[in-house]
Each structure stands twice: as C-alpha cells, then as structure tokens.
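Read through the structure below, which is laid out as structure tokens, and then see the notes.
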Amino acid sequence: MHLTATTQFGLEELLADELHALGADITHIGSRAVEFIGDHRLLYEVALWSRLSMRLLRPFAAFYAPDEKALYREVSRIDWQDFIGPGQTFAITPVVNRSTFEHSLFVAQLTKDAIVDQFRERTGERPSIDTRTPDVRLHLRMTENEVILSLDAAGDSLHRRGYRQHTNDAPLNEVLAAGLVLLSGWDGKQPLIDLLCGSATILTEAGLISQRIAPGLFHQGKFGFENWYDFDPELWNQVREEAKAQRLEEPQAYLAGSDVDPKVIDMAAANITAAGLEDCIRLSVRDVKDAVAPAQQEPGIVLTNPPYGERIGEEAEMDALYKTIGDTLKTGFQGYNAFVFTGNLEAAKRIGLKPARRTPLFNGPIDCRLLKYELYGGSRRITAPDVNLTP
C-alpha cells in the first residue's frame with residue numbers, strides 16, 4: 001500500500017532513514033512528509049516504532065476541486081461503504097493551503113455532507129460524527145485545489161505518546177524532542193545531560209531510544225487502523241508482542257536532568273515513571289550555574305531547551321540565563337558536545353561560544369535553531385558581540 005508519514009520541518013531526512021530501517025520503500029521526501037510503500041506489517045510497525053512521525057496516512061483518492069460543486073461531486077463518487085462500516089463514527093481533519101477555499105472547516109463540512117448524503121440515499125442510515133474519538137478519521141489535504149483524501153492510521157497525532165502525565169508552560173512535543181536527540185548524533189550509550197529539563201521530554205525520548213522501547217506501546221485507546229475493513233488482528237498482536245520483547249531492562253546510558261523548581265522535577269519524575277524509565281533517568285533540583293559533568297563518566301552530550309522569553313520585559317532575564325548557560329558549559333562540561341535548542345537567537349549570543357552547526361527547526365510557530373557547541377576547553381570561546389546566528 002502507498003503510505004505517507006508527516007513530521008516536523010527539518011526532520012524529513014531523519015524520518016526517511018527511520019522508515020527505511022523499518023523496511024519501507026521510500027518514494028518521495030517532501031516538506032514535512034515522507035511517502036513510502038509497505039505492507040500491513042510495516043504499517044503496524046511504523047505505528048509502534050516511529051519516533052518522528054506526526055501522522056501516518058493511507059491515501060485512497062485524489063482529484064481536482066476548483067469549487068464547491070466539484071468538491072461535493074468528487075467526494076460523492078467515492079464508495080464510502082468501503083471505508084466506513086455500519087455503525088462506525090467518523091471525523092475529518094482538513095488541511096487547506098493556497099486554494100480558492102478560504103476556510104478548512106468549510107471544506108471539511110462540505111466533504112462530510114457528501115459522505116452523509118451518500119449513506120442516507122443508499123442505506124437510509126447516516127453515520128455519526130465524533131470529532132474526539134472517531135472509529136475512522138479521514139485526513140483531507142487541499143493544495144491549490146488538488147485534494148488528497150487519506151485514512152489516518154493512528155486516529156490521532158503520534159506525538160501524543162501517552163506517557164506524559166504533566167507538562168510545564170511550554171513543553172516540547174515528543175516528536176520534536178526525539179528529533180533533537182537524533183539530530184545531536186547521540187549514540188544511545190554516551191551520557192546525555194539536560195540542564196533545564198522541564199517535564200523531561202528530551203530525557204524520556206532518549207530513554208525510550210536507548211532502552212529499545214517502542215513509543216507506540218504507550219498509545220491510548222485503539223489505533224485508527226484497528227477499525228479498518230482490512231485490519232489483521234492476529235498480525236497486529238504478533239507485531240505488538242515482538243515490540244515488547246525488544247525492550248532492554250538494564251540501563252544502557254547515563255541520563256540525567258535538573259531544574260531549579262522542585263515542582264517541575266516532581267512533574268518530570270511522574271512522566272518518567274509513566275514511561276517505565278524511573279531506573280534509567282536521574283533527576284535533581286539544581287540551578288544551571290551549579291551544574292557540572294558527572295564524575296566517573298566519559299564526556300557525552302548536553303542537550304537542553306531553555307526558555308525563549310516571549311513575554312514583554314524578559315530580555316534582561318533571558319540574557320542573564322543564556323550567559324549562565326554558556327559559563328556552565330565552558331567550566332563544567334569540557335570535552336562534551338553541547339546542543340541548545342532555542343527560539344531566542346538574540347539571547348543565544350550571550351552564550352559566548354561559536355556554534356559549530358545551526359539547524360533550522362520550528363517549535364510550533366516559533367522559528368528556532370538547534371545550536372551545536374564543541375567544548376574544547378576554551379579554544380573556541382569568543383566574545384558575545386561577535387556571534388552571528390543569522391541563517
């Protein structure tokens with residue numbers, strides 16, 4: 001079957017590598033999406049194992065719809081009993097770009113009307129809409145009036161792993177956190193330290209990687225494909241059991257995080273426990289300025305996502321925080337590679353180190369950079385005003 005996995009900007013090549021490793025035949029790498037071919041086993045394995053997919057889609061129809069009549073007509077030509085069974089609920093997730101239709105919700109409503117009208121005419125019954133937990137979630141993408149209709153294999157965004165019990169004010173989503181870990185080049189064995197760990201999403205995703213835990217095992221409720229007409233329950237149970245057997249119980253890497261707020265550390269601990277990683281990740285209440293590399297450990301990776309300071313009047317506070325981060329990296333983590341993910345490039349200049357690499361990414365709508373610093377014991381320190389972080 002032809003499938004599409006969507007992801008976040010900047011993670012497309014990593015996603016293609018991940019899918020290829022699972023056995024996918026990659027046919028196209030686009031913006032925020034990778035198209036590939038695979039069978040039912042691959043579909044189930046991607047749903048369980050993909051750390052970088054936001055949605056997993058199975059396209060089944062494509063057409064051009066320049067206006068309302070054309071959209072209604074083309075949707076009506078599809079035999080919807082092939083996709084929505086008796087008594088099943090459905091919902092439509094619309095994405096509309098550069099088209100004559102201005103509102104995606106209007107497109108979804110018109111599509112829903114065409115589907116419901118077909119059922120009413122053919123069976124006398126109409127399927128119900130359930131926007132929260134539908135049996136069948138349809139995905140509609142319209143770009144320049146070209147429409148692609150797909151079945152959503154997960155039924156919900158795959159970044160919602162299910163282990164997060166609590167979050168702080170501005171949490172990273174799980175796909176982005178996993179992407180940051182993989183972009184750092186971390187090998188799953190080196191120490192990985194987060195100096196401002198917040199709700200510990202980076203550390204949890206790193207723990208899932210090192211312990212070979214499939215993130216889809218935490219999925220809440222059914223996956224969307226479990227309600228499809230060609231669902232294979234025996235194969236699905238087999239793939240799930242195989243995934244569970246992959247887990248490594250013995251901790252594979254030194255993972256540690258700290259935060260100055262005890263309440264935040266309590267939230268992080270609850271999330272880590274929910275992911276079954278309480279024996280693999282160390283947490284402490286600590287100010288950034290007091291952080292040092294762990295003794296008796298080889299140098300590894302520092303990976304952190306400091307606040308961006310989006311509120312008015314926080315410039316001085318952010319400048320001070322980022323200067324402290326830089327001072328801590330220079331004095332306490334020599335020999336490490338450090339990665340700072342931020343949407344505040346002005347404050348990042350206060351780190352006072354020359355980035356060896358700048359990777360453009362987004363955190364929601366915020367234009368961000370993953371900045372890599374090679375900590376050679378001071379040989380590449382520069383004064384803050386000389387740093388140029390423009391792409």
Side-chain angles (χ1 to χ4, degrees), residues 1-38 42-59 93-97 104 137-143 148-164 170-186 201-202 204-206 208-209 213-219 223-225 303 305 339 341 343 357-370 391:
M1 65 185 87
H2 290 269
L3 299 164
T4 300
T6 69
T7 190
Q8 299 206 192
F9 174 84
L11 303 182
E12 298 92 347
E13 293 289 342
L14 281 176
L15 173 58
D17 291 343
E18 178 185 71
L19 294 170
H20 180 73
L22 289 169
D25 178 8
I26 308 298
T27 57
H28 179 68
I29 302 173
S31 175
R32 297 183 172 89
V34 177
E35 298 172 19
F36 61 103
I37 297 172
L42 180 70
L43 173 72
Y44 301 160
E45 289 183 343
V46 171
L48 281 177
W49 283 103
S50 180
R51 305 180 191 282
L52 301 173
S53 296
M54 295 291 285
R55 291 195 178 274
L56 180 55
L57 306 174
R58 182 180 180 179
T93 301
V95 179
V96 178
N97 294 309
S104 59
R137 184 175 291 279
L138 304 169
H139 189 272
L140 184 153
R141 173 173 288 277
M142 176 184 279
T143 304
I148 298 175
L149 281 166
S150 306
L151 292 168
D152 190 322
D156 195 3
S157 176
L158 286 167
H159 85 269
R160 298 190 179 97
R161 308 278 202 240
Y163 64 73
R164 276 218 298 221
L172 285 178
N173 82 48
E174 295 89 327
V175 163
L176 180 54
L180 297 179
V181 172
L182 294 169
L183 284 169
S184 76
W186 183 61
T201 309
I202 288 174
T204 304
E205 290 297 318
L208 297 180
I209 292 169
I213 299 172
L217 292 173
F218 298 101
H219 185 84
F223 281 91
F225 56 70
L303 174 57
N305 173 44
F339 295 83
F341 180 62
R357 191 173 77 213
R358 310 173 182 89
T359 305
L361 297 162
F362 282 87
N363 186 0
I366 304 170
D367 185 14
C368 296
R369 296 292 182 276
L370 178 63

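The figures that follow rest on heavy atoms only: side chains count, while hydrogens, waters and symmetry mates do not.
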Heavy-atom side-chain contact between [X] and [Y] under 4.5 Å:
X	Y	result
F339	V181	no
S50	L15	yes
T93	L140	no
I209	L182	yes
L303	W186	no
R137	D156	no
L217	Y163	no
V34	T7	no

Got a sec, which residues hit side-chain contact (heavy atoms from CB on, under 4.5 Å) with H159, two or more places apart in sequence or on another chain?
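Result, side-chain contact (heavy atoms from CB on, under 4.5 Å) vs H159: M54, S157, N173, E174, V175.
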Main-chain N/O of [Y] paired with [X] side-chain donor or acceptor, under 3.5 Å:
X	Y	answer
T27	E35	yes
E12	G10	yes
T6	R55	yes

What's the separation between atom [atom1] in [X] and atom [atom2] in [Y], rounded to the nearest 0.5 Å?
X	Y	atom1	atom2	answer
L43	L48	CG	CG	10.0 Å
R369	F362	CZ	CZ	7.5 Å
L208	W49	CG	CH2	9.5 Å
C368	L180	SG	CG	9.0 Å
L57	L151	CG	CG	9.0 Å
Q8	L14	CD	CG	12.0 Å

Do you know which two heavy atoms are closest between L370 and L361, and how far apart they sit?
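Minimum heavy-atom separation between L370 and L361: CB-CD1, 4.1 Å.
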Minimum heavy-atom distance between L56 and A47, given as atom pair plus value:
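For L56 and A47, the tightest heavy-atom pair comes out as CD2-N, 3.9 Å.
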Does the side chain to side chain contact (heavy atoms under 4.5 Å, CB included) test come out yes or no for F341 and L172, once each step is laid out?
CA-CA 10 Å; F341 180 62; L172 285 178; 3.8 Å; yes
Step by step, would you call L158 with F223 a side chain to side chain contact (heavy atoms under 4.5 Å, CB included)?
CA-CA 10 Å; L158 286 167; F223 281 91; 4.0 Å; yes
Which residue, L52, L3, V46, D25, forms the side-chain contact (heavy atoms from CB on, under 4.5 Å) with L19?
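That would be V46; it is the only one of L52, L3, V46, D25 passing the side-chain contact (heavy atoms from CB on, under 4.5 Å) with L19.
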Given F36, which partner from the list L42, L22, T4 fulfils the side-chain contact (heavy atoms from CB on, under 4.5 Å) test?
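Exactly one candidate clears the test, L42.
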Would you tell me whether R141 and S150 have side-chain atoms, one donor and one acceptor, within less than 3.5 Å of each other?
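No, no side-chain donor-acceptor contact under 3.5 Å.
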Tell me, yes or no, whether the heavy-atom count around I148 atom CD1, taken from other residues, nucleotides or ligands under 6.0 Å, exceeds 12.
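No - once you tally the heavy atoms of other residues, nucleotides and ligands closer than 6.0 Å, there are 12 at most.
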For E205, which of R51, R161, R164 qualifies under salt bridge (charged side-chain N to carboxylate O under 4.0 Å, His left out)?
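Among R51, R161, R164, the one meeting salt bridge (charged side-chain N to carboxylate O under 4.0 Å, His left out) with E205 is R161.
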